[in-house]
Amino acid sequence: MAVSQLDRRVAMAPMMDWSDRHCRHFIRLLAPRTLLYTEMIVADAIVRGDRGRLLDFDASEHPLALQLGGADPATLAMAARIGAERGYDEINLNVGCPSERVQSATFGACLMARPALVAECVAAMRAAVAIPVTVKCRIGIDDTDSYEFLLAFVDTVAATGCDTFIVHARKAILAGLSPKENREIPPLKYETVWRLKADRPGLTIVANGGIRTLEGAREQWQRTDGVMVGREAYHNPYYLAALDRLAWPAHAPPVPEPAEVVAALRPYVAARLARGERLHAITRHVLGLYAHRPGARAFRRVMSELAPHAGADFAVLEAALRAAEGAAPLRLTA
Ligand SMILES: Cc1cc2nc3c(=O)[nH]c(=O)nc-3n(C[C@H](O)[C@H](O)[C@H](O)COP(=O)(O)O)c2cc1C
């Protein structure tokens, strides 16, 4: 995909343990144009580890960005090159994760305090690949949270030629809060992201954090270049389906019904099971298929109870579907 064709009006956030290839394959059935992100993958693991396991994806997942974690320019450059060779459409650097494990390796959000190093990393990555290299960051960290700090960070990194920043509109607290708390406790400050876009109109600025309604997304589109949505899209995938169509109405195929989504999953599930994967690993991401619809609880219950069993196969999805649609009485035996 050519660089200029990456359309950033809607992206689904990188989410560790959540946005794996099974999740992305499922989401793509509902959101045909949304830019998808992998979970953060540590650059060193790509360079030294099992690349197939870490990086393989299904062609249907395009457009797809690979998010890297790391702080060593040479390692990041190598990992970026490997990602580009494998067909990813974008390489993104994580400068927003506050977990202590990540901090002890001195990457993630704490890198915001080291803009020159981030710039060095991004420059090395850009030199290694022809696809876009982007940065996902916070609006600040700890007490270093002035607008001037954010602007200086962005300017330093943008001087390398990087022109796209996804900004989670809340600062990270590096000590004392868990990653989960860090996604809820410091208040969101969209104004900071909007000010950044106003001051640097030549940069592509994507807003992230707490964008949970179509109205909220519309508001961001008026002041930024796009939205990245995480938890709401994961728990309620039809929200992402609606957002995708709101962003690209001219290209919108009809939104499939849950039964059509399940039917579309069949060949994928069969192929993955044939490779020895467990049903639950694939279908744990589809629990929100009926979110905010009648049948939601029944669907989740059947999936949660039956999918984890060894040997569980596609019949579990069909049973969950029947339960949700109220078509047949439930018999919960594995
Ligand atoms: C389970 C989970 C895992 C996450 N893992 C990552 C990650 O690997 N890389 C990253 O940049 N952000 C990660 N995040 C943060 C999200 O990308 C996003 O910035 C955050 O959830 C705010 O967006 P939201 O309010 O739309 O969920 C994670 C969030 C969640 C909920």
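Counting convention: from 1, in listed order, for ligands and their atoms alike. Along the sequence shown, the residues carry numbers beginning at 1. Keep in mind the model is a prediction, meaning the values are calculated, not measured.
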Is a donor from one side chain sitting under 3.5 angstrom from an acceptor on the other, for Tyr88 and Gln67? no
Under a 4.5 Å cut-off applied to non-hydrogen side-chain atoms, are Met303 and Leu289 in contact? no
Sequence neighbours excluded, every pair satisfying salt bridge (Lys or Arg N to Asp or Glu O under 4.0 Å) that has a member inside residues 129-149: Asp145-Lys171
Could you give the N/O to N/O pairs under 3.5 Å linking ligand 1 and the protein, each with its distance?
from     : atom 1 : to     : atom 2 : distance (Å)
ligand 1 : 5 (N)  : Met16  : N      : 2.8
ligand 1 : 8 (O)  : Met40  : N      : 3.2
ligand 1 : 9 (N)  : Gln67  : OE1    : 2.7
ligand 1 : 9 (N)  : Asn94  : ND2    : 3.3
ligand 1 : 11 (O) : Gln67  : OE1    : 3.4
ligand 1 : 11 (O) : Gln67  : NE2    : 2.8
ligand 1 : 11 (O) : Asn94  : ND2    : 3.4
ligand 1 : 11 (O) : Lys136 : NZ     : 2.9
ligand 1 : 12 (N) : Pro14  : O      : 3.4
ligand 1 : 12 (N) : Lys136 : NZ     : 3.0
ligand 1 : 14 (N) : Pro14  : O      : 3.4
ligand 1 : 17 (O) : Pro14  : O      : 2.8
ligand 1 : 17 (O) : Lys136 : NZ     : 3.0
ligand 1 : 19 (O) : Lys136 : NZ     : 2.9
ligand 1 : 19 (O) : His168 : ND1    : 3.4
ligand 1 : 19 (O) : Asn208 : OD1    : 2.6
ligand 1 : 23 (O) : Asn208 : ND2    : 3.0
ligand 1 : 25 (O) : Gly210 : N      : 2.7
ligand 1 : 25 (O) : Arg231 : NH2    : 2.8
ligand 1 : 26 (O) : Gly230 : N      : 2.8
ligand 1 : 27 (O) : Arg231 : N      : 2.9
ligand 1 : 27 (O) : Arg231 : NE     : 2.8

Report, as yes or no, whether the 6.0 Å neighbourhood of atom CZ on Arg284 holds more than 12 heavy atoms from other residues, nucleotides or ligands. yes
Just by distance, with hydrogens left out, do Thr34 and Asp244 show a side-chain donor and acceptor under 3.5 Å apart? yes
Do Tyr190 and Thr224 make a side-chain contact, defined as non-hydrogen atoms from C-beta onward lying under 4.5 Å apart? no
